[in-house]
There are 2 protein chains.
Amino acid sequence: MTVAKKRADSVTIVQVATRAGVSTATAGRVLGRYGYSSDEIRDRVNQAADELGYRPNRLARGLITGRTQTIGVVAGDISSDFYASAMRGIADVARADGFGAILTNSDENLDLEREAVQLLLEKQVDGLIVSPCDLVESPHLRAALAAQCRVVQIDRVVQDLPADSVTVDNRGAAKDCVGRLLSAGHTRIAFVAELESSDFGDVAQFIAAVATGIVGPQTLYPSWQRLLGYLEAHRDSGVRPDLDLIVRVGAYSVGAAKQAVLDLLALHPARRPTALFAGDGKMSTGAMAAISSLGLTVPDDLSLVCFDDLDWMGFVGGGITAVVQPVHQMGRMAAEFLLSRIAGDESEFRHVVLAAQIAERGSIGPARTPARGRPTEPR
Amino acid sequence: MTVAKKRADSVTIVQVATRAGVSTATAGRVLGRYGYSSDEIRDRVNQAADELGYRPNRLARGLITGRTQTIGVVAGDISSDFYASAMRGIADVARADGFGAILTNSDENLDLEREAVQLLLEKQVDGLIVSPCDLVESPHLRAALAAQCRVVQIDRVVQDLPADSVTVDNRGAAKDCVGRLLSAGHTRIAFVAELESSDFGDVAQFIAAVATGIVGPQTLYPSWQRLLGYLEAHRDSGVRPDLDLIVRVGAYSVGAAKQAVLDLLALHPARRPTALFAGDGKMSTGAMAAISSLGLTVPDDLSLVCFDDLDWMGFVGGGITAVVQPVHQMGRMAAEFLLSRIAGDESEFRHVVLAAQIAERGSIGPARTPARGRPTEPR
DNA sequence: CTGAAAGCGCTTACAG
DNA sequence: CTGAAAGCGCTTACAG
């Protein structure tokens, strides 16, 4: 197994020039659509190119111009709905401008993100769209910027990073939904989310920090932003949240979320939640699995808010309130920002916060303590 | 808005060489890890590179070696589960080998696919992973091959294309599932799938072609392969399928699928199906929407087979039989094949057909004519 | 093991 | 408007 040699002797600008009887500089001007050329020469060169089946080598052009017309994308995990949808938006915008998009996954892991950015920079991408892991330092992103590589942040924002961002109003959407639950009479609303890393310690410390007003929503991870909205809604209604109902699932997994919800529903009736806020898609899936495994029904036994664009809502009994994120639009906007920066836009950095859409399917449901439920047959 | 100038004067091999007091050739050998170099020189060069913050320019290397360590992916639509999952597998394998992957979407449209391939070739990708639209000609793929660009096909196979492929055993999985329905006593099994383009004309003509044995399952589109399995299962059980129950939805849309299923369930009771085979994820979603909008239940009113990896199965009452495709593995395999070809593997072309997994949730359900159902409130 | 020279396929000033 | 020459940042033979 010998390593494949260089690619077939592809036809270059030199051969086109020879056949057209012009210099390579002239052929280049016609083929690359830069500089001047007369109609006659243009026809001759184009014809020669057609006859030879000339295909420009963007590598060579990129080496000279310093622009590759390629952007790099650092997604968390392209197999998740969120990033898949965002990537589609990015790819569409890139393509319309003749750009390619290199996709990498970080799995929300800083080392992998760093590695990915390194690879992308070596490939000389003109810009980067990234969902940063580290919202404080991210020296690799600052280094990319220093290397003239434009950066646009998506979903999350690094503190003081001089780069555009496109995010969702997590806090506002959570506040809205939890507010609706509170208005419907719920006072025991569970909050189940990943809430993995935090700069504030545990939930109690976070609440304390919020109370002192030192929490800047901008620099929080999305799930913490959602918790912030949850807390604000409680504050505004004068309902004091029960800390035991705020669950940090920790692992980003359906199974862990299901177990967390089962635990909540096994609490003493007086302490059991009457409503549940599921912090993201995985949590929603786990919550639904837990609920249906107990033979409970939404919203009769339990009210449910899912922060997730629920494709499966059509199949589920009503009563679910869903937060639908404009993910595709986020991708498009991020790419548009990036391409405009690459094209030379030096205006002030934009931090766009898109509103999420709240979709209620049927009534939100009464605040009635759910039965413990009987595990149903696994089917 | 002036176009950004060339990127910052990044440090090149020349500067590293100067600082280390060696020639650029030597510096290149150390930095690029090719050719010989003494330990002492190696240290000097590496140190100089570190001090200067040298970052290799893969563009320049690619121009010389003719290898970019980049692969191109032409997906149908990255925002669909299928391609998102496949892409994840591809990206993982690529990354492990230091390759990047440029993603493009064809929307199953030949012109877009052609355009995408053209862009990728101009970017000098070393190889291409593609879900081809045109299973017969695909001259652009043959041209790519001719240009020394390796190709691996995924999900679908072009006739006589000298390239590896990784596909799913659509026909076998469909035959298996439909066989189970037939064994359970169903004789009126509806088949709802996109079945858009065909080289055989309508369904009747396809059936005739199958009967004469001129249908090579390899060269069929997946949905037609599934129909083939459906027909074979019927043939083996001696049950004659009712052509009116085989619905070509045409459009690849949930709404169209829902309408198709509503129409089936509005048939005269004697002609109404007792079971339904939904040909893919969109069709499954549409079918479920139709069924639940009529207030019907699976599998009591209607048995259902979904060719789809149903994430939402946890939320739905039991009785659904799902075909789970090993999509992630397909992506991984395709990338592995491609990288081995790029590395010089010249062995015979591989056409791997992966088995799909059949997941039954509860019993398949009785063959009982479903009630017409009453439309339930939209909720 | 190291260095001087040539060159990958293009674009960019600079003359004409 | 066109052409001769230089060069982007590397790697590749080829001498030594």
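In what follows, every heavy atom counts, from backbone to side chain, and hydrogens, waters and symmetry copies are set aside. Just so we're on the same page: letters track the sequence lines, and every chain starts at 1.
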Which is true for B:Val14 with a 4.0 Å heavy-atom rule: it touches a base, it touches only sugar-phosphate, or it touches nothing? nothing

Salt bridge between A:Arg88 and B:Asp107, side-chain N to carboxylate O under 4.0 Å? yes

Rounded distance (Å) that lies between atom P of C:dC10 and atom CD of B:Glu122: 10 Å

Using a 4.0 Å heavy-atom cut-off across all strands, classify B:Leu59 as base, sugar-phosphate, or nothing. nothing

Base, backbone or nothing for each nucleotide of nucleotides 11-16 of chain D, written B, S, -, heavy atoms under 4.0 angstrom, 5' to 3'? BBB---

Between B:Ser23 and C:dA4, does any side-chain N or O lie under 4.0 Å from OP1 or OP2? no

Given the rule in the side chain to side chain contact (heavy atoms under 4.5 Å, CB included) test, do A:Ser10 and A:Asn57 qualify, once you have shown the distances and angles that lead to the verdict? CA-CA 9 Å; A:Ser10 51; A:Asn57 182 334; over 6 Å; no

Comparing B:Val22 with A:Thr12, nearest DNA chain C nucleotide closer to 5' gives the residue B:Val22

Please find the pair of heavy atoms, one from B:Gly76 and one from B:Glu108, that lie closest to each other, and give the distance. CA-OE2, 3.7 Å

Side chains of A:Glu113 and A:His140 only: does a donor on one sit below 3.5 Å from an acceptor on the other? yes

Hey, does the side chain of B:Thr26 come within less than 4.0 Å of C:dG3's phosphate (OP1/OP2), counting only N and O? yes

Given atom CD1 of B:Ile41 and atom C1' of C:dG3, what is their separation to the nearest angstrom? 11 Å

Can a donor-acceptor pair be found between the side chains of B:Thr70 and B:Lys123 at a distance below 3.5 Å? no

Atom CG of B:Asp39 and atom C1' of C:dC1: how far apart are they, to the nearest Å? 11 Å

Interatomic distance, B:Asp134 atom CG to B:Tyr221 atom OH [nearest 0.5 angstrom]: 6.0 Å

Consider the side chain of A:Asn57, meaning its heavy atoms from C-beta on, and name the nucleotide among C:dC10, D:dC8, C:dT2 that approaches it most closely. C:dC10

Rounded to the Å, how far apart are A:Tyr36 OH and D:dG3 C1'? 17 Å

Treating B:Arg42 as the side-chain partner and B:Val30 as the backbone partner, does any N or O pair qualify as donor plus acceptor under 3.5 Å? no

Indicate yes or no for a side-chain donor-acceptor contact from A:Ser131 to the backbone of A:Ile154 under 3.5 Å, with no hydrogens or angles considered. yes

Check this for me: does any side-chain nitrogen of one of A:Glu336 and A:Arg350 sit under 4.0 Å from a carboxylate oxygen of the other? no

Check the distance between C:dC10's P and A:Arg55's CZ and give it to me in whole angstrom. 11 Å

Using Watson-Crick or G-U wobble pairs with both distances under 3.5 Å, give me DNA chain D in dot-bracket, 5' to 3', with [ ] for crossers and | for pairs to another strand. |||.||||||||.|||

